[in-house]
Amino acid sequence: SSFNWDADEQRLCFVAELPPLAGPEMGPPDAEGKAAWKGYAAYEPDWGELLVDTRSPCIFVLDIPSKEVTQVAVPAASSCGQCTWSPNGKHIVFTAWENESLQLPGVTRPGLIYCYNRTSALFMATA
């Protein structure tokens with residue numbers, strides 16, 4: 001994870017995973033005493049290999065005076081990291097990696113062992 005203070009030291013940008021979605025649960029039993037699923041399946045693909053149970057990291061901003069945390073808009077199907085503030089404090093610059101490997105088409109979220117050289121790009125978002 002990375003984090004960085006803005007010039008006024010009133011806001012902090014940082015990298016973190018989103019909390020997991022609420023999983024499926026059993027509903028009340030019917031007349032025969034059988035419970036039924038309610039909700040949806042909670043499957044999320046992970047990065048595999050050495051990164052099991054990890055989700056795509058996102059960029060967040062903590063506003064110190066209000067104690068509010070907001071998620072920054074990032075490119076879809078990507079994992080973000082290494083965030084920092086622009087000199088004017090209005091934008092956040094960060095690195096993003098596509099979740100699908102360009103070297104292994106069709107493979108989403110390849111692990112560290114077989115795909116260690118991923119294409120990345122710099123992005124800027126309004127804070």
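Because the structure is predicted, anything quoted here is derived from the model rather than measured.
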Applying side-chain contact (heavy atoms from CB on, under 4.5 Å), run through Phe14 and Val69 and close with a yes or a no.
-> CA-CA 10 Å; Phe14 63 96; Val69 176; 4.1 Å; yes

Go through the steps to decide whether Cys58 and Cys80 satisfy the test side-chain contact (heavy atoms from CB on, under 4.5 Å), and finish with yes or no.
-> CA-CA 5 Å; Cys58 300; Cys80 302; 5.8 Å; no

Mind running side-chain contact (heavy atoms from CB on, under 4.5 Å) on Val61 and Leu12 for me, showing each step along the way?
-> CA-CA 6 Å; Val61 173; Leu12 180 73; over 6 Å; no

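Between the CZ atom in Phe123 and the CD1 atom in Ile92 there is a gap of 14.5 Å [rounded to 0.5 Å]. In this structure, CH2 on Trp85 lies 12.0 Å from CZ on Phe94, to the nearest 0.5 angstrom. Note that CG of Leu122 is 8.5 Å distant from CD of Gln82, once rounded to the nearest 0.5 Å. We find the OG1-NE2 distance between Thr126 and His91 to be 4.0 Å, quoted to the nearest 0.5 Å.
Under a hydrophobic clustering in which Ile, Leu, Val, Met, Phe, Trp and Tyr are joined whenever their side-chain heavy atoms come within less than 4.5 Å, directly or via other members, Ile64 and Phe3 fall into the same cluster. Under a hydrophobic clustering in which Ile, Leu, Val, Met, Phe, Trp and Tyr are joined whenever their side-chain heavy atoms come within less than 4.5 Å, directly or via other members, Leu62 and Phe60 fall into the same cluster.
Residues Ala73 and Ala125 approach most closely at O-CB, 3.7 Å, considering heavy atoms.
Of the possible polar contacts, one joining the Asn88 side chain to the Lys90 backbone as a donor-acceptor pair under 3.5 Å is found. At distances below 3.5 Å, not a single donor-acceptor pair connects side-chain atoms of Asn4 with backbone N or O atoms of Cys13.
For residues 67-78, no residue pair satisfies the side chain to side chain donor-acceptor pair (under 3.5 Å) rule, not counting sequence neighbours.
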